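Written out below as structure tokens is the structure these notes cover.
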Number of protein chains: 2
Amino acid sequence: MSEEVKFWHLRNHQLFWVLNNSQVRQLCIITNYKRAKKGEMIDFGEHESSRIYLLKRGNLKIVQVDEEGNELIVDIIQKGELFGSLNFGQDNGSYEYAQVLTDSVVLCSFNTADFERLLAEHPTLAISYTKLIGFRLKRIKNNYSNLFFKNTKERLIAFLTDWANREGRFTGNQVCIDNFLTQKEISQIICSSRQTTTQLFNEWEQQGLISYSRKEIMIKNLKELA
Amino acid sequence: MSEEVKFWHLRNHQLFWVLNNSQVRQLCIITNYKRAKKGEMIDFGEHESSRIYLLKRGNLKIVQVDEEGNELIVDIIQKGELFGSLNFGQDNGSYEYAQVLTDSVVLCSFNTADFERLLAEHPTLAISYTKLIGFRLKRIKNNYSNLFFKNTKERLIAFLTDWANREGRFTGNQVCIDNFLTQKEISQIICSSRQTTTQLFNEWEQQGLISYSRKEIMIKNLKELA
DNA sequence: TCCTAAATGCAAGTTACCCGACAATTCAAA
DNA sequence: TTTGAATTGTCGGGTAACTTGCATTTAGGA
């Protein structure tokens, strides 16, 4: 990737708007670019080598692994979002990794120590960053409350609605989403079993409300799902 | 409260270690102190008037209310922890409030705008703050994964273990926790029904493993709960 | 093109846990 | 001390959704 392209990747990101051009040039130096293909795993790295990532293109999932080896998809990261050792590598027990969902992703990363130094030099950046993390906290809290109050069908609807609003292409009430998730993955996101999720999709399919394929999901009208 | 006491409240907090004495004195000026009694509700205040709180004494619960009015306890805040508009008041939909659990609490607070200004002046403080938020994110992610992978009994054990480690007084294997929660509240924390929680406590009580009262909870041996 | 592994479809058996109902107890205020 | 509200104790019915198990379809590499 050319230096110029690298520069614009960072320059265009909301987080770095507070920096001037020469500051962004400096930032380029500590930035590491990477391309990864579908299925590839990205390890945040614990401790010293921990990194913060910025996803430039594509989507990936954040998987949390508990002490018994259970895997849970805690978040879907999309273009422009940060992930990785957001708390600067001071980890407690549980382990997380990211896995690429789309055909390929482009991402850049910083060593947490470098990034921490950068924040120390640019307080306004530190505040923007803090707001981002705060927002993430809110998102997961919301998922948490969904899990308790909504049943599986409602959670699936909430997930589809959210996804459609984030990345869907609307034509009137109809919405079309580029699909990079299997039903199994969707079930892991909404905390349900694969079979239950499949069943819900088929019910809707029979009612002509939805059309699911590995390439795309078409929904006639989000409000009619029930 | 005397100025000197106020000073030491802030001086002793981990978050402000990076500041020197005169900086802490300045911080005192923008700080608002408050005492609140059991049951009292603390509204973070949306938008302009939003505040960040630091709990100096006691415990309180953070309750999230969704658009249908359902209430969920998303976190228990204890001495020394921050809560409130941690994401600087940029709120999305859902509403949160805090309610005092112990007989009384002492807390100090800052206007988010003031606090933001403070962070801008002290980048190292901004980093400490970010780490705190990151840690909170981790905690809720952990609860989230518990909710999916563990059954009610396991979640109750996890909660009690966590509580005991945070605030319990150990005597060998036995641990005694000052109790400020009703069984209903505990059930709301572990995302269960009141009846199921009661039943679990009674089972353990009959086995002589635990002794529950409104004042304290005694557990013979955390590892024997099963 | 074939071939294998992954993804999807379908059904019946099982169960953890919610929910309603009500009694007994505790607590705090009057 | 009384009184009423909140908390705790106990029971059983109902059910959403998990599980197990297998058949079918799809996708992607050799």
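Computed from a prediction, not measured in an experiment: that's the story for all the values here. The chains referred to below are lettered A, B, ... by the order of the sequence lines, with proteins before strands, and numbering in each begins at 1.
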Query - B/Tyr53 and B/Phe44 aromatic ring geometry - parallel, tilted or perpendicular at 30°/60° bounds - result: tilted
Report task. Assign the ring pair A/Tyr212 / A/Phe201 to parallel, tilted or perpendicular, where the plane angle (0 to 90°) is split at 30° and 60°. Result -> tilted
Query raised in the report: Would you call B/Glu96 and A/Lys141 a salt bridge, taking side-chain N to carboxylate O under 4.0 Å as the test?
Result: yes
Query raised in the report: Would B/Phe180 and B/Trp163 count as a close aromatic pair, with their ring centres under 6.0 Å?
Result: yes
Report summary line: Contact span of DNA chain C against chain B, any nucleotide atom under 4.0 Å from a heavy atom, 5' to 3', runs C/dC17 to C/dA21
Requested in this report: Take nucleotides 19-30 of chain D nucleotide by nucleotide from the 5' end and write B, S or -, depending on whether a protein heavy atom sits under 4.0 Å from the base, only from the sugar-phosphate, or from neither.
Outcome: BBB---------
**Report entry** First encountered from the 5' end of DNA chain C, between A/Glu205 and A/Phe148
**Finding:** A/Glu205
Report summary line: Taken to the nearest 0.5 Å, the spacing of A/Ile76 CD1 from A/Ile62 CD1 works out to 8.5 Å
**Report entry** Non-neighbouring partners of A/Thr102 that pass side-chain hydrogen bond (donor to acceptor under 3.5 Å, both in side chains), sequence neighbours left out
**Finding:** none
Query raised in the report: For the helix from C/dT4-D/dA27 to C/dA30-D/dT1, how many degrees between its two end axes (five pairs per end), to the nearest 10°?
Result: 60°
**Report entry** Rounded interatomic separation in angstrom, taking CG from B/Leu200 and P from D/dG9
**Finding:** 12 Å
**Report entry** A/Gln183 CD to D/dC18 C1', straight-line distance once rounded to whole Å
**Finding:** 17 Å
Query raised in the report: Separation of B/Phe149 atom CZ from D/dC18 atom P, in whole Å?
Result: 12 Å
Requested in this report: Find the distance B/Phe201:CZ to D/dT7:P and express it as a whole number of Å.
Outcome: 15 Å
Query raised in the report: Given atom CH2 of B/Trp204 and atom P of D/dT8, what is their separation to the nearest angstrom?
Result: 15 Å
Query raised in the report: Between the side chains of B/Gln64 and B/Asn70, does any donor sit under 3.5 Å from an acceptor?
Result: no
Requested in this report: Start with the C-alpha distance between A/Arg194 and A/Ser187, add both sets of side-chain angles, then the distance that settles side chain to side chain donor-acceptor pair (under 3.5 Å), and finish with yes or no.
Outcome: CA-CA 5 Å; A/Arg194 198 223 88 221; A/Ser187 75; over 6 Å; no
Query raised in the report: Hey, does the side chain of B/Thr198 come within less than 4.0 Å of D/dT10's phosphate (OP1/OP2), counting only N and O?
Result: no
Query raised in the report: Is B/Thr112 reaching over with its side chain to a backbone N or O of B/Ser50, donor-acceptor style, under 3.5 angstrom?
Result: yes
Query - Gap between atoms CD and P, on B/Gln199 and D/dC11 respectively (whole Å) - result: 9 Å
Query raised in the report: Who passes side-chain hydrogen bond (donor to acceptor under 3.5 Å, both in side chains) against A/Thr198, sequence neighbours left out?
Result: A/Gln183
Requested in this report: Figure out the NZ/P separation between B/Lys184 and D/dG9, and round it to whole Å.
Outcome: 16 Å
Report task. Tell me whether the OP1 or OP2 atom of D/dG9 has a side-chain N or O from B/Asn202 closer than 4.0 Å. Result -> yes
Report summary line: Across all chains, not counting sequence neighbours, the side-chain hydrogen bond (donor to acceptor under 3.5 Å, both in side chains) partners of B/Asp178 are B/Arg169
